[in-house]
Student: 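Encoded as structure tokens, here's the structure I'll be asking about.
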Amino acid sequence: MFNFIRNHQMNIMLSFCAVCATMTVMLFLTKFLSKKRKWILISQEIIATLLLFFDRLAYIYAGNVSSTGYVMVRLSNFMVFFLTSAIVLSFNLYIVDLMKNEARLNSLPRRLLVTGMLAAVGMLISIISAFTGLYYYFDSQNVYHRGSGFLLCYVVPVICPLIQYTSIVQFRKSFSKFIYTALTLYIFLPIITGIIQIFAYGISIVNMTMVLVSVCLYFFTYLDVNAAVEKSHNIEIEAFKEEQKNMKKLFREAASAFAKVQGSSDRMAQVARELAQKAGKSEEECDKVYYAAFLYPAGAEALACIKEFPYLSETAACVGKAYSEDLPEFSRIITVAKDYDTMINDPSNPPFFVRDYFIREAGRKYDPFYSTQVVHLLDDGTNKGIFEKSLKEIESEIVCHNYREKVTTGIEVSQYITEISFEAEPVENEKPFSQPSIIVFDSYDRQIKDTPESINANKYLEYGEVWFDAHFISTGARNMEMRNVKKTAEADKNKGLYKIIGLRFQDHLLLKMQGPEETFEIIIALPSASKAAYIGITGENVHIKNISIVQTDELSKESDIPRIAEKLSFIERIESDIPNVQIVNPLALFTKGLEVKDNMKLFFHTQSLPDANLIWHCPYIILYYSEDGKVYGKNYREYAMIKLDGETNESNQFAQNTFVMKKTEGFRSWEEWEEQNKAGYECHIEFSKTGNEITFQTQNKGIYMRNTTKLLDGNKVVYVSLSGDQVALTDIRIR
């Protein structure tokens, strides 16, 4: 084969040059390609033609010692090396055009920019090599020889196409099979022949191959366009015309409808679309839900004029109606989305209030499935940051003319030590008494409340008020005690500067306070460990400014705060197989993990704590694995978490959960269910285990639950642990 090519390569080269020249002419006459792609292909064919032409001349003039031979052998060899990099550059331009127009990329892969630059550098080095002999040199007989850096000339034609291929593979689904085949041939055939040519000295199979693949690129491009035109031209044209007609009609009718509308909510429509996506609706159905929600404010009567899409008016007519399976599904989705959007964007509604509301109203006011999905939106924080919206920022400055005229937003006191400082000065031309103070309180929105309605809505509770002259008033605290009252040291005196260091452990707070005259500590015993504690800065006849809050990484310990009230315990009951636990915050404590066995039964007594006021203040059941058998232990994997109010987490990469929750005849209302939880009751859970599936079921106060967990990670050992929120779990038994 090599001998045949070697003996006839002059004729083969001439034939390939003729073929390339013919392709170039055909491309000039071609109309089915975009202008840019057409000229890229033309440039490739021209470069390929010149590459083979000059390669042929290099062989013809090799050894010719005439002045013409001297010039031509150098010119032809230079052009071969120069055009080899040029054809890589033109191919890079072709790929870039495909990425923009076929893959629809706004931002190109950086590696394509790199290959384009390398190809340009390769062209530059070929110029340098012509004067330095890097790639090749000529002896006294005008014969070509490989130079010391000859192998460098293969970097661009070998490495660059491989880099280009990574981009092609990444977006291969955007290309037809014809184009993908052509690109693959274009890259790998020259590389293969290039490797062969390193050892097969004296023949130009690489350049012949590059010409051949350039012709193939045109050929496959033609096949691709021809197949696409034959298959879809008539269908697409008709569909496009019909779609255009419908869209024009829709926009005309929508404009008419919107003329009657005060406003509309794109935000609510986005929520509706997301709920539809969670239900597995097709893209077309999700679009319909979006537009139905977007146009819903126009009302059914106005939307009735959009006759092309009757579902719009039918949906709008049923939005807001109490849940029924007979209602259109789009209406049920939009009812949930509308109320969710309204509630979550009302600053007076904390997100957990919204969550609690949708759980309570599932199956009564809202479709249970979509009500559950909106709860997942809240839990996951996926709804475009709505759930994660920050509460009101702490003010940096306030002015109080009258007592408690202004109070800052509450600054939380937690187990992490918090440092607060501010400056205060009397308001000019006011009463002689002037002093800042702090109010310690709990409120869902971290704001001071003074009306019965707002106090009840935000569960506001004021623990007490403390002045910087070492006086205090106790209101809702179980106990308050002041200690270590001292005159401020001269070295620490700074007129107008006030400091507070706050720390907490369980149900006790310690506030270290420093004013211009006194320093002291005050200990506050909260009504329970589940209560939050906030500091609001206020005063009388005072200008407070430069308020600074720093939460440190240092955690307070039990020994840091002297106890001034007995520890509240609701687990002083009988203790059985597992120690009792009292859980004051979500998932704050867990029982010992138990390995799940087939036909295992778990019994325990549960009682919601006195402060519990949300539906999910109840026990949680957690199925998991860890190497030490502990929740959140080494190599922890959570398979399922079910709350006894009928909530469950969704499937994950470790397990697939199939969950069923039903309200039985024994269920009357959530209010009664909560009262029964506070009174306490015995809970009974049954487990079965078969292969990689674990099923448990339980029925408590009118709520039946059954969950089947299919393990996906191959683990055979699974543990169960009890936890919860605002609940005491006692007398835990295993059978």
Side-chain angles (χ1 to χ4, degrees), residues 268-293 296 311 314-344 351-384 386-387 614-616 618 620 640-652 655-664 667 669-670 673 695 697-699 702-710:
M268 182 260 287
Q270 292 287 2
V271 174
R273 180 198 287 275
E274 192 161 356
L275 293 177
Q277 288 172 338
K278 281 184 169 286
K281 301 294 183 187
S282 67
E283 191 63 28
E284 181 182 357
E285 288 178 305
C286 290
D287 286 341
K288 285 185 175 181
V289 170
Y290 173 84
Y291 287 116
Y296 150 74
Y311 79 91
E314 293 168 3
T315 298
C318 297
V319 171
K321 291 185 178 181
Y323 167 69
S324 167
E325 281 289 343
D326 296 331
L327 293 176
E329 187 175 16
F330 286 3
S331 300
R332 287 180 265 145
I333 294 174
I334 295 169
T335 296
V336 171
K338 175 178 70 71
D339 289 359
Y340 169 75
D341 179 69
T342 300
M343 294 179 70
I344 203 65
F352 51 82
F353 260 22
V354 180
R355 188 184 193 281
D356 184 81
Y357 180 78
F358 276 96
I359 295 173
R360 290 176 187 272
E361 295 298 328
R364 183 167 59 183
K365 184 176 180 180
Y366 303 120
D367 183 310
F369 175 80
Y370 292 109
S371 186
T372 299
Q373 296 309 311
V374 93
V375 168
H376 287 160
L377 284 182
L378 286 163
D379 290 345
D380 299 339
T382 58
N383 191 23
K384 301 167 183 61
I386 289 177
F387 180 58
L614 297 169
I615 287 177
W616 58 86
C618 65
Y620 303 169
M641 183 176 72
I642 288 84
K643 303 176 183 179
L644 292 195
D645 66 339
E647 296 184 68
T648 181
N649 60 344
E650 297 178 303
S651 301
N652 56 38
Q656 178 181 330
N657 289 299
T658 304
F659 182 70
V660 176
M661 188 274 269
K662 297 178 182 177
K663 295 175 183 175
T664 68
F667 184 87
S669 69
W670 282 113
W673 187 84
T695 299
Q697 59 183 347
T698 183
Q699 181 168 313
I703 296 180
Y704 169 80
M705 288 180 292
R706 177 185 176 91
N707 186 77
T708 299
T709 299
K710 183 177 181 180

Student: For salt bridge (charged side-chain N to carboxylate O under 4.0 Å, His left out), just list the numbers for R273 and E285, CA-CA rounded to whole Å, side-chain angles, deciding distance to a tenth of an Å, and then say yes or no.
Tutor: CA-CA 9 Å; R273 180 198 287 275; E285 288 178 305; over 6 Å; no
Student: Taking all non-hydrogen atoms of both residues into account, name the closest pair between N649 and M641 and its distance.
Tutor: OD1-N, 3.0 Å
Student: Quick check: do W616 and D356 have side-chain heavy atoms less than 4.5 Å from each other?
Tutor: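 Of all side-chain heavy-atom pairs linking D356 with W616, at least one is under 4.5 Å.
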Student: Output all residues satisfying ring-ring contact (aromatic ring centres under 6.0 Å, His included) with Y311, sequence neighbours left out; order by chain, then residue number.
Tutor: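 Here the qualifying residues are F330.
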Student: Do L644 and Y620 have side chains that approach each other closer than 4.5 Å (heavy atoms only, starting at C-beta)?
Tutor: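 Heavy-atom side-chain distance check fails, nothing below 4.5 Å.
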Student: Roughly how far, to the nearest 0.5 Å, is CD of Q697 from CE of M705?
Tutor: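 That separation rounds to 11.0 Å.
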Student: Looking only at heavy atoms, which two atoms of A276 and V289 are closest? And how far apart?
Tutor: CB-CG2, 4.1 Å
Student: Less than 4.5 Å apart, any side-chain heavy atom of K321 and any of T335?
Tutor: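 Contact flag for K321/T335 side chains = no.
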Student: Any chance the side chains of T708 and T658 put a donor and an acceptor closer than 3.5 Å?
Tutor: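 Side-chain D/A pair, T708 to T658: absent.
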Student: Check for me whether K365 meets the cation-pi criterion with Y323, that is, NZ or CZ under 6.0 Å from the six-membered ring centre and within 45 degrees of the ring axis.
Tutor: no
Student: Where do A362 and P368 come nearest, in terms of heavy atoms and distance?
Tutor: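 Closest approach of A362 to P368: CB-CA, 4.2 Å.
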Student: Decide yes or no for L378 and I344: does some side-chain heavy atom of the first lie under 4.5 Å from some side-chain heavy atom of the second?
Tutor: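 Yes - at least one pair of side-chain heavy atoms lies under 4.5 Å apart.
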Student: With no hydrogens and no angle check, do the side chains of N657 and T709 hold a donor and an acceptor under 3.5 Å apart?
Tutor: yes
Student: Between D339 and Y366, do the side chains contain a donor N or O and an acceptor N or O under 3.5 Å apart?
Tutor: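 The answer is yes; a qualifying pair exists.
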Student: Apply side-chain contact (heavy atoms from CB on, under 4.5 Å) to residues M343 and F358 and explain how you reach the verdict.
Tutor: CA-CA 10 Å; M343 294 179 70; F358 276 96; 4.1 Å; yes
Student: Give me the atom names and distance for the closest heavy-atom approach of D645 to M661.
Tutor: O-CE, 4.2 Å
Student: Please indicate whether K663 has more than 12 foreign heavy atoms, meaning atoms of other residues, nucleotides or ligands, lying under 6.0 Å from its NZ.
Tutor: yes
Student: Determine, for R364 against E361, whether the closest basic-nitrogen to carboxylate-oxygen distance falls under 4.0 angstrom.
Tutor: yes
Student: Could you grab the distance from atom CG of L275 to atom OH of Y290, nearest 0.5 Å is fine?
Tutor: 14.5 Å
Student: Kindly give the heavy-atom pair with the smallest separation between E314 and S331, and that separation in Å.
Tutor: O-OG, 4.0 Å
Student: Under the criterion side-chain contact (heavy atoms from CB on, under 4.5 Å), I'd like the reasoning laid out for T648 against K643: C-alpha separation, chi angles, the key distance, then a yes or no.
Tutor: CA-CA 6 Å; T648 181; K643 303 176 183 179; over 6 Å; no
Student: Could you work out, with side chain to side chain donor-acceptor pair (under 3.5 Å) as the rule, every residue matching E329, not counting sequence neighbours?
Tutor: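 So E329 forms a side chain to side chain donor-acceptor pair (under 3.5 Å) with K281, Y370.
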Student: Within a strict 4.5 Å, meaning less than it, do heavy atoms of the T372 and E647 side chains meet?
Tutor: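 No, their side chains stay 4.5 Å or more apart.
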Student: Can you name the ring-ring contact (aromatic ring centres under 6.0 Å, His included) partners of W673, sequence neighbours left out?
Tutor: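 Residues passing ring-ring contact (aromatic ring centres under 6.0 Å, His included) with W673: W670.
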Student: Atom OG of S324 and atom CZ of R332: how far apart are they, to the nearest 0.5 Å?
Tutor: 8.0 Å
Student: Should I615 and R355 count as side-chain neighbours, where that means a heavy-atom distance under 4.5 Å?
Tutor: no
Student: Can you check side-chain contact (heavy atoms from CB on, under 4.5 Å) on T315 and I334, steps first, answer last?
Tutor: CA-CA 8 Å; T315 298; I334 295 169; 3.5 Å; yes
Student: Measure across A269 and A293 and return the closest heavy-atom pair with its distance rounded to 0.1 Å.
Tutor: CA-CB, 3.7 Å
